[in-house]
*Asks:* 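The structure's right below; bear with me while I get my questions together.
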Amino acid sequence: MRLLIVLGAPGSGKGTQAKLLAEYLGLVHLSTGDILRDEVRRETELGNQANQFMTAGELVPDALILDMIKAKLVLDSMTKGFIFDGFPRTVIQAKGLDRLADEVGARIDCAIDLVVDDEIVVKRLTARSGCSVCGAIYNDVWNPPRRAGFCDKDDSALIRRADDSELVVRNRLHVYRQQTKPLEEYYSHRALLVKVDGYGMTGQVLARILISLEASGTNDRTQV
Ligand code: AMP
């Protein structure tokens, strides 16, 4: 089983790129943020525990995240592999992932690090909205819907994430620098880090990622 990691600050476009890459490479896309938001919506025990951290832009405790990932890996153990989006986010999570990978006989292919300037992140996230039904993402500045407030695809209402206010976004960036940045060194030490410029149109960034993966020998759709 192969494991690819997409690192990058909030708003770096890691969710969009991870989804596209998963489709292209035939891997399962696993976004810890999406899973947690779903748990919060369904008011599960995990959701209720995670909610206060997410609303403040803080990280959910490592133990909860690692249990959640373990359950997903075991559930989907027959798959070709996973693309992790938003995980790991701390060195403790990265070490936990190493242990889990050993347990299930998986290998980490690479950690793609999408690099974007902080001020662009703030602009992107505070102007972001998403469809309440199909999840399509819009941006008031770069990719506005045809009718303000409604999805182009299914006409459903667009909603903003509670943690996309400027104050919370700036805290999420601070948390990223403190707790997630050290992962660059963690993976570069093992020659697994692939840095990619995350600025530009979705297709341009995807092309850059694929070229970088090719250069590092991990862009092989036939790998199992
Ligand atoms: P994201 O959608 O990746 O921006 O994640 C939204 C929020 O979910 C984060 O600000 C955290 O509160 C929480 N979260 C997502 N992934 C993790 C993780 N790997 N570790 C801790 N908290 C996480």
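Read the numbers this way: they start at 1 and go in the same order the structure lists the ligands and their atoms.
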*Asks:* Have a look at L36, V175, T32 and point out the one with the heavy atom closest to atom 14 (N) of ligand 1.
*Replies:*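 When every heavy atom of L36, V175, T32 is considered, L36 comes closest to atom 14 (N) of ligand 1.
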*Asks:* Below 3.5 angstrom, do we get any N/O pair linking E58 and ligand 1?
*Replies:* yes
*Asks:* Going by the atom numbers of ligand 1, which of them fall below 4.0 Å from some non-hydrogen atom of R161?
*Replies:*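 Near R161, meaning under 4.0 Å from one of its heavy atoms, ligand 1 has 1 (P), 2 (O), 4 (O), 6 (C).
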*Asks:* For atom 8 (O) of ligand 1, what is the closest protein heavy atom, and at what distance to 0.1 Å?
*Replies:* M54 CE, 3.5 Å
*Asks:* Return a yes/no value for Q93: is any of its N or O atoms, backbone included, closer than 3.5 angstrom to an N or O of ligand 1?
*Replies:*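 Yes: some nitrogen or oxygen of Q93 is under 3.5 Å from one in ligand 1.
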*Asks:* Any side-chain heavy atom of E58 within less than 4.5 Å of one from N171?
*Replies:*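 When only atoms from C-beta onward are counted, N171 and E58 do touch, with a gap below 4.5 Å.
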*Asks:* Examine V121 and L114 and state if one hydrophobic cluster contains both, with Ile, Leu, Val, Met, Phe, Trp and Tyr joined whenever side-chain heavy atoms are less than 4.5 Å apart.
*Replies:* no
*Asks:* Pick, from Q179, R172, R37, the option with the minimum heavy-atom distance to atom 10 (O) of ligand 1.
*Replies:* R172
*Asks:* Using side-chain contact (heavy atoms from CB on, under 4.5 Å) as the criterion, point out the one residue from L97, I83, I112 that pairs with I5.
*Replies:* L97
*Asks:* Should E185 and L193 count as side-chain neighbours, where that means a heavy-atom distance under 4.5 Å?
*Replies:*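 A side-chain contact under 4.5 Å is absent here.
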*Asks:* Does NZ or CZ of R147 come closer than 6.0 Å to the centre of the six-membered ring of F150, within 45° of the ring's axis?
*Replies:* yes
*Asks:* Could you tell me which atoms of ligand 1, counted from 1 in the order shown, lie closer than 4.0 angstrom to a heavy atom of K14?
*Replies:*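 Listed by number with element, the hits are 3 (O).
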*Asks:* With respect to V60, determine whether any N or O atom, backbone or side chain, lies less than 3.5 Å from an N or O atom of ligand 1.
*Replies:*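 In this structure, V60 places an N or O atom under 3.5 Å from an N or O of ligand 1.
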*Asks:* Please indicate whether any nitrogen or oxygen in G86 is less than 3.5 Å from any nitrogen or oxygen in ligand 1.
*Replies:*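 By distance alone, the answer is yes.
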*Asks:* Using heavy-atom distances, let me know which of Q52, R89, M68 sits nearest atom 1 (P) of ligand 1.
*Replies:*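 The nearest heavy atom belongs to R89.
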*Asks:* Strictly below 4.0 Å, N to O, side chains only: are D102 and R99 in salt-bridge contact?
*Replies:* no
*Asks:* Cut-off 3.5 Å, side chains only: do Y176 and D118 have a donor facing an acceptor?
*Replies:*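 No, no side-chain donor-acceptor contact under 3.5 Å.
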